[in-house]
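Notes follow once the structure below has been shown.
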Amino acid sequence: MAELTGIGVSTGLAGGPLLRIAAVPALPEPAPVADTAAEVERAFAALAEVVADLGRRADRTKDATVAEVLRAEAMMADDPMLREAVQEGIEAGTDAVHAIDAAFATHRAAFEAAGGYLAERVADLDDLRDRAVAVCLGRPMPGVPQPGHPYVLAARDLAPADTADLDPEQVVGLITADGGPTSHTAILARALGLPAVVSCKGVLDIEDGTLVTLDGSTGRVESGVSAEDVAAVTAKAAEVKAAVENSSGPGRTSDGHAVALLANVGSGKDAAKATEAEGVGLFRTELLFLDRTREPGLDEQVTAYREVFTAMAGRRVVIRTLDAGADKPLPFLHQDGEPNPALGVRGLRIARQRPEVLTTQLAAIAQAAMQADADVWVMAPMVSTVAEAAEFAALVHDAGLPKAGVMIEVPAAALRAERLLGVVDFLSIGTNDLSQYTFAADRQVGTLAELLDPWQPALLQLIAACGAAGKKTGKSVGICGEAASDPALAPVLAGLGISSLSMSARALPAVRAALAAHTLAECQRLAAAVLDADDPAQARKLVS
Ligand code: PEP
Ligand code: MG
């Protein structure tokens with residue numbers, strides 16, 4: 001048995017035979033043809049295998065549209081004209097692989113020349129060609145394997161195109177050699193609820209079919225394990241899945257300490273879908289302003305906010321005032337020309353130049369709140385000082401809204417959390433930006449992803465400072481950045497004194513189950529342990 005370590009990016013355990021995404025094989029040098037009939041047979045057998053494989057996949061899939069697409073592709077590979085062209089090529093002295101390649105190239109040119117629907121099928125032809133060439137060379141077909149049984153998928157990294165082929169009934173876990181916590185693989189894995197480890201050097205050296213287990217929290221991969229090990233891990237994963245599916249009700253530790261589980265939304269539609277959430281912890285209002293050359297008017301804003309408040313009747317809605325600039329540029333604010341937009345006039349700072357944008361928004365929020373039955377809290381993004389927080393709170397209260405808070409997205413604010421709570425009613429930590437500014441690492445630059453890992457002890461230390469301030473003042477301190485959606489981290493955050501976690505609604509059941517698996521004292525022990533860790537890997541290991 002061998003152990004490898006990567007970065008766990010999607011929690012959960014999985015085990016099974018490892019299969020790699022096969023690359024498109026390069027064409028070898030042309031070879032002389034000794035036996036024309038045998039060479040034709042070899043080429044036809046390769047085409048027949050491609051047709052049969054597509055047919056098997058069409059039979060297996062539960063999605064009628066996918067089945068139809070696969071059958072249409074199979075028909076293209078089964079075209080007698082294609083076989084004729086291959087045979088002619090071989091009879092003219094070309095080997096099977098090159099004859100297949102040439103026949104597909106001729107077909108491709110004809111499809112392209114025909115234009116319209118046929119021209120749109122050239123990508124399918126390319127895929128068929130790659131598959132037939134691979135089979136003819138005795139290699140696995142390129143792309144995501146479809147063996148018809150559960151397996152762990154290994155790849156250098158997953159391209160968005162690979163994900164369309166990914167069947168969650170067969171793929172039980174993902175391991176990639178490259179990628180970070182924000183890579184496409186990580187995002188996809190979390191969306192599908194698949195345990196995943198990225199940046200796992202050496203995974204591509206493991207032979208196809210080797211039994212492996214992986215832990216998507218710690219990033220630990222074991223290869224060459226026994227079938228019993230795989231069965232034990234699979235049983236444990238099923239137990240966790242059942243716990244997630246059976247969890248319900250408000251967020252609580254096993255001994256009843258409440259941690260409100262809230263949803264991040266951008267519209268009334270999102271809010272209507274967040275049925276399991278105890279409220280909204282972050283209503284991003286930018287959606288209404290995006291792509292606008294002019295600010296949306298008061299009435300339009302009232303309507304949009306009221307939709308969310310109505311969907312959340314009787315529950316809390318934390319609405320955030322406009323967070324424009326940097327990664328969320330808004331045309332009507334004309335912010336071009338800043339040398340460092342992330343460090344420029346963004347978030348609440350825009351109110352210095354355009355105070356009427358904020359006052360109109362607060363008036364709209366107040367009107368919408370009057371027309372619905374939600375418990376409306378209002379917060380500002382990108383606040384750095386106590387003076388900014390006090391000024392914002394005054395504006396919120398002047399608008400007739402009782403609860404004013406600020407986001408903690410800048411280390412300066414985290415360090416002064418207690419003072420901030422002297423002038424506002426609550427804090428909400430935006431870990432996406434707090435990571436960016438703590439580590440001086442642009443959140444949009446994928447190569448810096450390991451610095452933006454929510455398990456970084458420096459980030460957790462800042463969260464701890466805010467949690468402690470919340471406890472001391474008796475005021476609410478929540479988290480609404482990505483860190484809130486990691487089930488393994490949830491008990492740690494509860495132990496650090498965080499009173500609410502806000503995330504995409506999809507992530508909520510797993511976080512609820514993770515919280516319910518620990519007492520508050522256990523959460524506090526885990527919190528103390530991660531603060532003592534040197535790096536994210538050690539922090540994850542201590543918790544697992
Ligand atoms: C954050 O920064 O963590 C956050 C929640 O805000 P946004 O991602 O919208 O910047
Ligand atoms: Mg932010």
Side-chain angles (χ1 to χ4, degrees), residues 181-182 187 190 260-267 270 274 277 279-290 308 317-330 333 335 340-351 361 377-384 388-389 392 405-414 417 426-446 448-449 451-456 458-460 462-463 466-467 476-486 489-490 493 498 500-508 511:
T182 53
I187 293 165
R190 287 194 289 263
L261 298 178
L262 310 170
N264 289 355
V265 306
S267 64
D270 290 350
V280 164
L282 169 62
F283 174 9
R284 287 185 168 100
T285 54
E286 297 79 58
L287 212 63
L288 187 64
F289 291 76
L290 286 177
V308 173
V317 177
V318 181
I319 180 168
R320 175 174 78 184
T321 56
L322 188 60
D323 185 21
D327 57 312
K328 309 178 191 84
L330 294 185
L333 291 168
Q335 295 169 296
N340 289 304
L343 304 181
V345 181
R346 57 162 301 196
L348 180 66
R349 298 170 186 180
I350 288 168
Q361 191 174 25
W377 301 15
V378 190
M379 68 180 178
M382 279 294 289
V383 171
S384 315
E388 284 175 350
F392 177 76
V406 294
M407 288 189 74
I408 301 288
E409 301 190 282
V410 180
F426 68 96
L427 301 178
S428 179
I429 308 172
T431 48
N432 309 336
D433 275 313
L434 187 56
S435 294
Q436 158 163 273
Y437 296 116
T438 301
F439 290 89
D442 190 327
R443 62 192 270 187
Q444 299 185 94
V445 175
L448 299 175
L451 294 172
L452 301 165
D453 186 331
W455 288 78
Q456 281 285 1
L459 177 76
L460 295 170
L462 290 173
I463 294 174
C466 299
S476 165
V477 176
I479 293 186
C480 63
E482 275 300 302
S485 61
D486 180 345
L489 193 56
L493 299 175
I498 296 305
S500 68
L501 296 171
S502 190
M503 65 206 86
S504 83
R506 220 176 24 219
L508 205 142
V511 170

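Read the numbers this way: they start at 1 and go in the same order the structure lists the ligands and their atoms. If you're wondering where the values come from, they're calculated on a predicted model, not measured in any experiment.
Using a 4.0 Å heavy-atom criterion, the residues that approach ligand 1 are Leu282, Arg284, Arg320, Asp323, Lys328, Met407, Glu409, Gly430, Thr431, Asn432, Asp433, Arg443, Cys480, Gly481.
Rounding to the nearest 0.5 Å gives a distance of 10.0 Å between OG1 of Thr438 and CG of Asp433. Of the inter-residue distances, the one linking Trp377 atom CH2 with Ser476 atom OG reads 4.0 Å to the nearest 0.5 angstrom. Rounded to the nearest 0.5 Å, atoms CG (Leu348) and CG (Asp323) are 10.0 Å apart. Distance check: Leu493 CG to Ile479 CD1 gives 4.0 Å after rounding to the nearest 0.5 Å.
Using a 4.5 Å heavy-atom cutoff, the side chains of Arg320 and Met407 are in contact. By the 4.5 Å heavy-atom criterion applied to side chains, Trp455 and Asp486 are counted as neighbours.
For the side chain to side chain contact (heavy atoms under 4.5 Å, CB included) test, residues two or more places apart in sequence or in another chain that qualify with Ala414 are Ile408, Leu462, Cys466. With sequence neighbours left out, the salt bridge (charged side-chain N to carboxylate O under 4.0 Å, His left out) criterion links Glu482 to no other residue.
For the Mg ion (ligand 2), protein N, O or S atoms closer than 2.8 Å were enumerated as Glu409 OE2, Asp433 OD2, with waters left out.
With 3.5 Å as the limit, one finds a donor-acceptor pair spanning the side chains of Thr285 and Gln361.
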